[in-house]
Amino acid sequence: MYNFDIERPGTVADAVSALGREEAQPLSGGQTLIPTLKARLAAPSVLVSLSGIEELKGVRMEGGKLCIGGGTTHGRVAREAEAHYPGLASLAARIGDPAVRNRGTIGGSLANNDPSACYPAGALGSGATILTNSREIAADDYFQGMFSTALEEGEIVTEVRFPVPSAARYEKFIQPASRFPLVAAFVARFEDGVRVAITGASNNGVFRWPEAEVALSSSFTADALEGLTLSGDEMISDLHGSGQYRAHLCGVMTKRAVASLV
Amino acid sequence: MPKDGGIGASSKRREDIRFLTGVGNYTDDINLRGQAHVFFLRSDVAHGTLSNVDTSAAESMPGVVKIFTGADFEAIGGIPCGWQITDRHGQPMQEPKHPVLAHGKVRHVGEPIAAVVAETLAQARDAAEAIVVDIDDLPAVVNMKDAVKEGATKVHDDLTSNLCYDWGFVEENKDAVNKAFEEAAHVTTLELVNNRLVANPMEPRVAVGDYARGTGDHTLYTTSQNPHVIRLLMGAFVLGIPEHKLRVVAPDVGGGFGTKIFHYQEEAFCTFAAKACNRPVKWTSSRTEAFMSDAHGRDHVTKIELALDAQNNFMAIRTDTYANMGAYLSTFAPSVPTWLHGTLMAGNYKTPLIYVNVKAVFTNTVPVDAYRGAGRPEATYQLERLVDKAAHELKIDPIALRRQNFITEFPYATPVAVEYDTGDYIATMDKLEEMADHGGFAARRAASEAKGKLRGFGVNCYIEACGIAPSNLVGQLGARAGLYESATVRVNATGGLVVMTGSHSHGQGHETAFPQVIADMIGIPEDMIEIVHGDTANSPMGMGTYGSRSLAVGGSAMVRATEKIIAKAKKIASHLLEASEGDIELKDGAFSVAGTDKSVAWGDVTLAAYVPHNYPLEDLEPGLEETAFYDPSNFTYPSGAYACEVELDPETGHVAIERFWAADDFGNIVNPMIVTGQVHGGLAQGIGQALMENCAYDSDGQLLSASYMDYAMPRASDLPFYDVDHSCQTPCTHNPLGVKGCGEAGAIGSPPAVVNAVLDAMRSGGHDIAHIDMPVTPSRVWNAMNGQG
Ligand SMILES: Cc1cc2nc3c(=O)[nH]c(=O)nc-3n(C[C@H](O)[C@H](O)[C@H](O)COP(=O)(O)OP(=O)(O)OC[C@H]3O[C@@H](n4cnc5c(N)ncnc54)[C@H](O)[C@@H]3O)c2cc1C
C-alpha cells in the first residue's frame, strides 16, 4: 500500500464533497479495493470511506420495488431481501465467503463491474435502476463493458431499485480457484416478459441474452431454449475455460435457472 | 479396547493447543531488537540480460539502510545442489551457478534482482520501486521438449544445452526390455502430464538473520523442515561460516510439504545482510512471492509403455520422461525424477524388466523440487493409469489385472534396484473391496444417472519408498549428504526427560507421537517427556523431516538412545538394589530384581544419577543422557489400495468426488489418529492435484496462476468424507519400531484413482476417452467429451 488520507463522512453530501479532493476514491467494503491497494495497483491520495454513512444502508420495499442502499452488505441483503425477492437474496448469499459478505457491498460491486461479478447479473436481469447522488440510471444504460460503468468521477451509488419479478433464479457455475462465477445466468420472469442476464462469460462484461428472453417470454420452459446458442468468439478464454466452453455454459446455466422455476 | 497411552493410543496432539489458541511461535513471530526489513525486487520477465541495476535514486530514499545487488555476492558461493546425478553415459549432470541475487541474467519470473534493507517494510518497498533495472528480453524457454531441441535458446549460456542430464535406469536392462516389447502379445502406451504444483503451506517462508558482533556468532531463524541441513549448506557452501559459528533455528513451522526442505537465497541473504548491516534483517514472504519463489513440485511429461504376454502377465515397462528442473537446481531437485521415481516403477507388480529414461530440463520457470511424495506420485500415477488403460484395452477387470500381477512373496527384489522387505497387496486390495462396497456400485450409478449425472469408479494401488535412507546407498547414488537421524535423550534428576531430535515437526505431531514410544519403553506417563527440535544449538546433527522418515529414522534413533538410557539406568538400579545387573527388570516405571519383591522407582534411579551419593562412581559416570545416531539399512515400503467414486455432470464437466476409500499398510502404528490425519491431508493434496491445482506458465514464461484467484486449492467442500483404514499391517523388518511412514501416501496414492474414476464415468456415458490430463477441470472434461481436446 501507498500512503493515503482517509475521510470518514457521515452523510452522502459530505462524501460527495470529500470526493472532490484530488485523486479521491470511495472505499466501501474494501473487498476489491483493499487487495488492489495492497498489491500497489492503485494509488489514490484520499480514500473516502462510505461505511459510516447510515443513509446508504438498508433494505426496504417501496412502490413495489426492492430498494437496497448502496452501502448495504451482501450478507444483509441475503438476510433481509429473502422475504421480498428471494432470487436476489440467494444471489447475495452465494457471493464469496462469509467474511466477504459481511464487508462487501452492492454499491462497491456495481461500481467495480467486474466481468465475473454476481450483482451486475442481478441488476441487469431485474431491470434495476441505479441511483446515485445526482441521478437515476437504468441498468441497461449503466453497464458499459468490463470494469466500466456510466458513473462519473466522484459519483456514488446510493441505492439500487429492483422491480420484483414473479420468479427469479441465479444459477452460478464457479471458477474453481476464485469461486467467482465462471459463467452465471440470472433469469427473471415478469408479467410482461422474461429477462436473462449473463455474467462471467463475455469480454464486454455482463450482457442480456435477447434470443433467450424472446423464447422464454413466449414459453417459460427449459425446452424453449433448445437450439439457442451464443458464439464463443467474444467470450473470455483463459486457464479455466475457452470462450466456446463459456458460451456452452451460458445455455446450461440459463436452462437450469428456468428449470428450477417451473 | 483402544489404549489410553503409549504405542497404539490415539493421544490428542498436545501441540495443537498452542497452534489453535494462537500462541505458537512461528518465525514471523520473532522480532529482534533493532531489526530491519528486506524487500526483494524480483524479475517480472522470465528471461533476459540484466544490463544495469541502478540503485542510486533508491539509496537516498527514506529509511533505507543498504541496498544489495548481484555484484555484492560475486565473491560469495552460489546456492548449492545436494545431489549429483550421473547420466546414461557416465557423465555428471550439468550444474549451473545459482546466485543469491541475479547476476548477468534473469532466468525466471520472481528471481530476486536486488534487495533493499530498510527501517520498515513499506520503506524498503518504496525504495525498491525507485531502482532502475534494464533487462534486454530474451526468448523464454518454457516447453521442455522445445528446450532440448538443437539451437534452442539456452537458459544458462555456460552450459552446453538445456539438458541437465539424460538418465537411464537400469541402463543394462535396456536391450532386454526392448526385446520383451518385440515379443509382447499386447502393448499399452500412454502419454501423460504430471501437472506442476505449488505447495502452498499455510505459513509462507520467513527468514530472520542475526549477527552478534561481540562473538561473531550468526543466527538464522527460518521456516525450515531441516535446520541442520540449512546450516551445513549455507554455512559451508554459500557464506563460508563454520558450523560452530552458525545457529539455525526453525521454530514452529506451519506446513512444509517439501518446499521448506531446500536452502533458499532469502535465507543466505538475511544471514549475510545481518552482518553487513550489523543489525537483524527480516524477510517475510508474501503469498504472491511464495507463488514465484517457493520451489514448485511435479511437472513431468511422460510416455510409458507396458508389454504383456498372452496371459496378461506384465513382461516389461518402458518409460520416457521429461522432468522440469526450472531455471536452477533446487537442493534435491535432481534426485526427484531419478532415484525417488525410477526405483518405484515396479509398483506392486512383478514386472521382470523395467527401463526408465528421464531427461531433466532447464527452463525459465521457478525451480522444481520435492513436493509431498516427490517422484513417487509421478511413478504411481503413470503406472496406475497405464495398468487401467491396459485393462480396458484387454477388456478385463482392472482389479483382476492388478491382482494377477501382484508381488506376493517378500522380500522381493525389483528390477529397479530396491528390495521390498514386507507387504501384502492382496490384503489391502481385499480390504479396499470390502470397504468400497463395489457390489453396490451399480445401484449408485443408476441413482446418479436418474439425476442426469454419470458415475465412475476408479481404483489404484501404490507402493512407496520412505524412511529415507541408507547413507552408504544414497552416497553411491549421488547424494552429497548422509540420511541418518539422531536423538539425544536427556533425563532430568526428577525423572522427566527431554528428547532432542534431528527430526522436525511442521504439522506431523512429533511432540505427541514420539513421547508415546518412550512412555511405553520406560513405563512412565507421556507428559513426563518433552520433544525438542528445530534448533541446531540444542539438537545433535539431524537431517530433518521429509520423505516420511521421521518415525522410521528419527524415531529409531530415539529408541536407540532410550535403550542406552535404560541400560545405564539398570546399572544404577542394580547398585541401589544390590543385585546383579542381569537380574534387573524395568516395568511400569520401576526397576525390580527378578524373582523378588525388591524394586526401586524410575525417579529414584534418575535422582541417584544426578545426586550420586550412593552410586558406583568408580564404574559409572554420573548423569543420565545418551545420544544415538540411526542409519537405516533399507527404505521402508508402505503400500495400499485406494478407490474413488465420482459423479460427473456431463453438461458442465464438473466432477464431484462422492466417496474415497484408502486401505493402507503402514506397518506398526504409534498413533492411529495422527496417521488418519496424515492420510486425510495427503488425500486432499492428491485430489487437489487430480481435480484442481495447476501451476501454469504462458509461452513467455509468465506465471498465469500466480494467486489464489487462478490457482485452485481444494477446500473442504470439494472433498468427501474419506473412509480410511490402516488395519493391514506388515511391520517393517529392519527398524526397531516396525514402522513404515504415512506422511505422503495419501498424495501418492490418490491421483490415479480419481482420474481412473473420471474416465470410467465418461465411458459409461458413451465417451470412450483413453486419457485425460490432470487437473481434470470441468472445462477439460467438457472439452474431452465434446471433441474439443
Ligand atoms: C475472496 C473474495 C471472493 C469474492 N467472491 C465474489 C463472488 O463470488 N461474486 C462477486 O460478485 N464478488 C465477489 N467478490 C467481490 C466482492 O463482492 C466485493 O465486495 C465487491 O466486488 C466490491 O464491493 P466492496 O463494497 O467491497 O467495494 P470496495 O472494494 O470498497 O470498492 C470497489 C470499487 O468500487 C468503488 N465504490 C465502492 N462503493 C462505491 C459506491 N457506493 N459508489 C461508487 N463507487 C463505489 C470503489 O472506489 C472501488 O473502485 C469477492 C471478493 C473476495 C475478496
Side-chain angles (χ1 to χ4, degrees), chain A residues 1-4 31-32 35-41 43 94 96-98 100 114-117 171-185 200-201 222 225-226 229 232 235-257 259-260, chain B residues 39 62 120-123 125-126 128-129 195 198 200 286-289 291 452 649-656 687-688 690-698 702-718 775-789:
Chain A
M1 255 185 226
Y2 297 105
N3 281 342
F4 53 82
Q31 296 302 293
T32 296
T36 312
L37 297 178
K38 281 184 167 173
R40 295 193 160 194
L41 296 172
R94 286 178 283 155
D97 50 46
V100 170
D114 187 304
S116 300
E171 204 59 51
K172 175 178 178 181
F173 189 77
I174 60 165
Q175 193 259 56
S178 70
R179 317 268 160 150
F180 274 65
L182 185 70
V183 167
L225 296 164
E226 213 49 64
T229 53
M235 300 223 171
I236 301 168
S237 239
D238 62 13
L239 208 53
H240 308 286
S242 64
Q244 209 171 2
Y245 175 59
R246 280 184 164 83
H248 163 76
L249 284 180
C250 294
V252 175
M253 291 299 114
T254 308
K255 270 188 207 156
R256 288 188 179 179
S260 76
Chain B
F39 182 83
T120 69
L121 181 59
Q123 287 171 330
R125 201 169 170 187
D126 286 343
E129 284 179 12
N195 41 322
V198 181
N200 280 309
S286 67
R287 188 59 69 179
T288 308
E289 282 181 288
F291 271 100
D649 180 345
E651 285 188 322
T652 62
H654 180 258
V655 172
I687 292 170
L691 288 187
M692 314 180 74
E693 297 187 42
N694 194 28
C695 177
Y697 282 92
D698 71 9
Q702 287 296 329
L703 184 56
L704 296 176
S705 50
S707 78
Y708 291 134
M709 292 301 277
D710 288 300
Y711 189 90
M713 291 294 283
R715 305 185 192 192
S717 58
D718 298 310
V776 184
T777 59
S779 80
R780 282 191 178 169
V781 171
W782 184 81
N783 286 348
M785 291 173 63
N786 290 277
Q788 311 278 324

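Naming: A, B, ... by sequence-line order, numbering from 1 per chain.
The aromatic rings of W782(B) and Y245(A) sit tilted, their planes meeting at an angle between 30° and 60°.
At a 4.5 Å heavy-atom cutoff, the contact between T652(B) and chain A is made by backbone and side-chain atoms alike. Of the atoms belonging to Q244(A), heavy atoms from both backbone and side chain fall under 4.5 Å from chain B. Of the atoms belonging to R780(B), not a single heavy atom falls under 4.5 Å from chain A. Proximity to chain A (any heavy atom under 4.5 Å) is shown, for P775(B), by neither the backbone nor the side chain. The contact between M1(A) and chain B is made entirely by backbone atoms, counting heavy-atom distances below 4.5 Å. The parts of M709(B) that come within reach of chain A are both its backbone and its side chain, each placing non-hydrogen atoms under 4.5 angstrom from that chain.
Heavy-atom pairs under 4.5 Å with chain A peak, among N694(B), D710(B), T288(B), at D710(B). Looking only at heavy-atom pairs under 4.5 Å with chain A, the residue among E693(B), H654(B), R715(B) that has the most is R715(B). Taking chain B as the reference chain and counting heavy-atom pairs below 4.5 Å, the highest number among H248(A), R246(A), K38(A), H240(A) is found for H248(A).
Ion pair E129(B)/R40(A) flagged as a salt bridge, since at least one NZ, NE, NH1 or NH2 atom sits closer than 4.0 Å to an Asp/Glu carboxylate oxygen. We find that D649(B) and R256(A) are joined by a salt bridge, their nearest charged nitrogen and carboxylate oxygen being less than 4.0 Å apart.
In this structure R179(A) satisfies the salt bridge (charged side-chain N to carboxylate O under 4.0 Å, His left out) test together with D718(B), sequence neighbours excluded. With sequence neighbours excluded, no residue forms a ring pair (Phe, Tyr, Trp, His ring centres under 6.0 Å) with F39(B).
Remark: D97(A) CG is packed, more than 12 non-hydrogen atoms of other residues, nucleotides or ligands lying under 6.0 Å away.
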